[in-house]
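FYI, side chains are in, hydrogens and waters are out, and symmetry mates aren't considered; it's all heavy atoms of this structure.
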Amino acid sequence: MMTLRPGSHAYSILSILSITGEIPVRSLKLAGNERVLKALVHKMTEEQEYRFQPEWTEEKFRGKLLRITGKGRDKAVRLTKKALPILDWIYPGAYRYYMASFWNHRFPGDKIHIDRIHRVAESVLMCQMAGIECRAYCLPPLQNQEIRRVVPAGPSCYLARDLKKVGGSEANKTKFTRLTGVVYSGKEVYAVYNTRNALMKWKGMGEFKALQNLIEITRLNAGISALDSAILFGESDETALKTLRETEKNHRLELRFDSIYQQIYFVPMNSFGARLLKILTIPGWKQKLLNLLFEKEIQSGGTGMMEYDAYLGGKYVYSFLDQNLARLIRLREAFQAQADSFEILCFPEQQRLLREFLGPHISLKLLDIKIVEEALKMEG
């Protein structure tokens, strides 16, 4: 007999499936120990008896809760039809949300829909690791009537499918984008994308229209009128490098990711990425981080002909701790002319990306992410 209780791995899988429909098997590692989770999923695809804690019903449940669908990279975990009534034990309203979001439990089988569902699922898994609430039925619903603070003060992510419901017919124009959601935390707001292991391919005006729609939703529900930042999830540093190099080669501005968002924070889909994502959701993290790293008198304050964070010991010091790809492209233009004048602060996990993109002889100063996390926690 298996016990389903809040906080358990089994509960977590059911909870994620209630808002994603599917979880790619190859992405289960983002939910915890991969070996443990694969064994658990396998067990839940077989006939089992379950009991609920806290009690949802006096009766025990017997059956298969999960099934595996697809092949190769598209292999995924889904709920069985028999499991659906359990969703309202997960949270009131979860069943209604699931049925409305996933075609009454009838999934399309085409490649585009599968890829889209998996992109969103991976974004949710990363947000969950970083402590960001993604369950729409646990969040205040967005509205388009007036300016008022709707989004919670703590970190939250509204998924793309729920954003489309807010903007009316105009929101349909966003359906061709790769947007997977939007993250709010205090005054921080980010459009969220997941490029997986591919190059980020914008859809020209479609992405621009998506941004305008997002700005209006954010103005009405968070009281924030500007949105110039995006989080870009990707499988590895190699994905970031491909994106950086392709962007530099692309002379069509409407197809460049840095022409729509001034700040693009690349977050690898692993445990380091989850820690980085958590930093990005600390209210006021940018200035707090600068104040931890540099005395006020040596900070750049946004002045000068090029971007840098501080001037110390005759060198321009640049922090890459936030993994801002758009800013890194702008840095490289200045860097190529005066490489010896720069020192870059980074985490050890970022060394390879920087050396591959800027060259092997760059001057790096390494910081342990744990030191930054603890300092920001004390600062907060």
Side-chain angles (χ1 to χ4, degrees), residues 119 122-123 126-127 130 132 157 160 174 177-185 188-204 206-212 214-215 218 224 226-270 272-282 285-286 289 302 306-309 318-335 344 346-347 349-350 352-354 356-358:
R119 285 176 191 276
E122 288 167 349
S123 298
M126 285 299 299
C127 285
I132 301 170
C157 178
T174 70
T177 76
R178 290 178 179 241
L179 186 79
T180 59
V182 58
V183 165
Y184 296 104
S185 184
E188 312 295 339
V189 53
Y190 309 93
V192 180
Y193 292 84
N194 180 8
T195 192
R196 308 190 87 187
N197 66 343
L199 280 170
M200 189 64 202
K201 295 179 181 178
W202 294 115
K203 299 292 184 181
E207 299 295 347
F208 180 75
K209 289 172 183 173
L211 174 59
Q212 299 313 304
L214 209 52
I215 288 172
T218 298
I224 300 170
L227 200 170
D228 69 349
S229 301
I231 288 166
L232 178 62
F233 291 124
E235 285 194 357
S236 66
D237 287 348
E238 192 57 42
T239 309
L241 282 167
K242 286 191 291 187
T243 302
L244 285 165
R245 287 166 177 160
E246 186 65 23
T247 300
E248 281 198 322
K249 290 190 296 183
N250 200 332
H251 299 294
R252 292 183 60 185
L253 289 180
E254 75 275 14
L255 299 180
R256 284 183 56 144
F257 73 89
D258 59 340
S259 69
I260 298 176
Y261 297 100
Q262 291 299 299
Q263 322 298 332
I264 306 276
Y265 303 102
F266 181 79
V267 176
M269 290 192 287
N270 53 35
F272 166 71
R275 296 170 78 178
L276 183 63
L277 181 58
K278 199 161 190 172
I279 289 173
L280 295 177
T281 57
I282 295 172
W285 66 268
K286 196 173 294 185
L289 193 54
M306 59 189 174
E307 288 186 65
Y308 66 99
D309 293 306
Y318 177 98
S319 170
F320 187 63
L321 301 180
D322 57 9
Q323 205 142 280
N324 186 341
L325 298 191
R327 194 168 179 240
L328 187 59
I329 289 174
R330 298 192 289 270
L331 169 70
R332 180 154 129 150
E333 294 171 0
F335 190 84
I344 301 174
C346 69
F347 298 124
E349 294 86 349
Q350 299 169 324
R352 179 178 172 272
L353 173 60
L354 287 168
E356 288 278 347
F357 188 62
L358 297 178

Under the criterion side chain to side chain contact (heavy atoms under 4.5 Å, CB included), I'd like the reasoning laid out for Leu353 against Gln323: C-alpha separation, chi angles, the key distance, then a yes or no.
CA-CA 10 Å; Leu353 173 60; Gln323 205 142 280; 4.3 Å; yes
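- By the side chain to side chain contact (heavy atoms under 4.5 Å, CB included) test, Arg119 pairs with Asp115, Arg178, Thr180, Asn194, Arg196, sequence neighbours left out.
- Taken to the nearest 0.5 Å, the OH atom of Tyr261 stands 3.0 Å off from the OH atom of Tyr193.
- The side chain to side chain donor-acceptor pair (under 3.5 Å) check on Tyr318 picks up nothing, with sequence neighbours excluded.
- Side-chain contact between Ile264 and Phe266 is absent, with no heavy-atom pair separated by less than 4.5 Å.
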Please lay out, stage by stage, how Trp285 and Tyr265 fare under the test ring-ring contact (aromatic ring centres under 6.0 Å, His included).
CA-CA 13 Å; Trp285 66 268; Tyr265 303 102; 5.7 Å; yes
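- Residue Leu325 comes nearest to Leu244 through the heavy atom pair O-CD2, 3.7 Å, listed as atom of the first residue, atom of the second, then distance.
- The side-chain heavy atoms of Glu188 and Thr281, taken from C-beta on, include no pair separated by under 4.5 Å.
- The nearest pair of heavy atoms linking Cys127 to Val183 is SG-CG2, 4.3 Å.
- With Gln350 contributing its side chain and Phe347 its backbone, the two residues share a donor-acceptor pair below 3.5 Å.
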Using the side chain to side chain contact (heavy atoms under 4.5 Å, CB included) rule, take Ile215 and Leu211 through it: C-alpha gap first, then chi angles, then the decisive distance, then the call.
CA-CA 6 Å; Ile215 288 172; Leu211 174 59; 3.9 Å; yes
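- Counting heavy atoms from C-beta on, the side chains of Leu358 and Leu328 come closer than 4.5 Å.
- Closest of all the heavy-atom pairs between Asp309 and Arg327 is OD1-NH2, 2.9 Å.
- A side chain to side chain donor-acceptor pair (under 3.5 Å) with Gln263 holds for exactly one of Asp258, Asn324, Asp322; it is Asn324.
- Contact between Ala191 and Leu179 at its shortest, heavy atoms only, is CB-CD1, 3.8 Å.
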Would Val267 and Leu280 count as a side chain to side chain contact (heavy atoms under 4.5 Å, CB included) if you check the C-alpha gap in whole Å, the side-chain angles of each, and the deciding distance to 0.1 Å?
CA-CA 10 Å; Val267 176; Leu280 295 177; 4.2 Å; yes
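- Of all the heavy atoms in Ser123 and Phe233, the pair that sits closest is OG-CD1, 3.7 Å.
- Proximity of Tyr308 to Leu331: side-chain heavy atoms (C-beta onward) are nowhere separated by under 4.5 Å.
- Here Ile260 contributes atom CD1 and Asp228 contributes atom CG; the two are 12.5 Å apart, rounded to the nearest 0.5 Å.
- Residues passing the salt bridge (Lys or Arg N to Asp or Glu O under 4.0 Å) test with Glu235, sequence neighbours excluded: Arg26, Arg73.
- Residue Leu277 holds its CG atom at 10.5 Å from CD1 of Ile282, rounded to the nearest 0.5 Å.
- The shortest heavy-atom contact between Met126 and Asn270 is CE-O, 3.7 Å.
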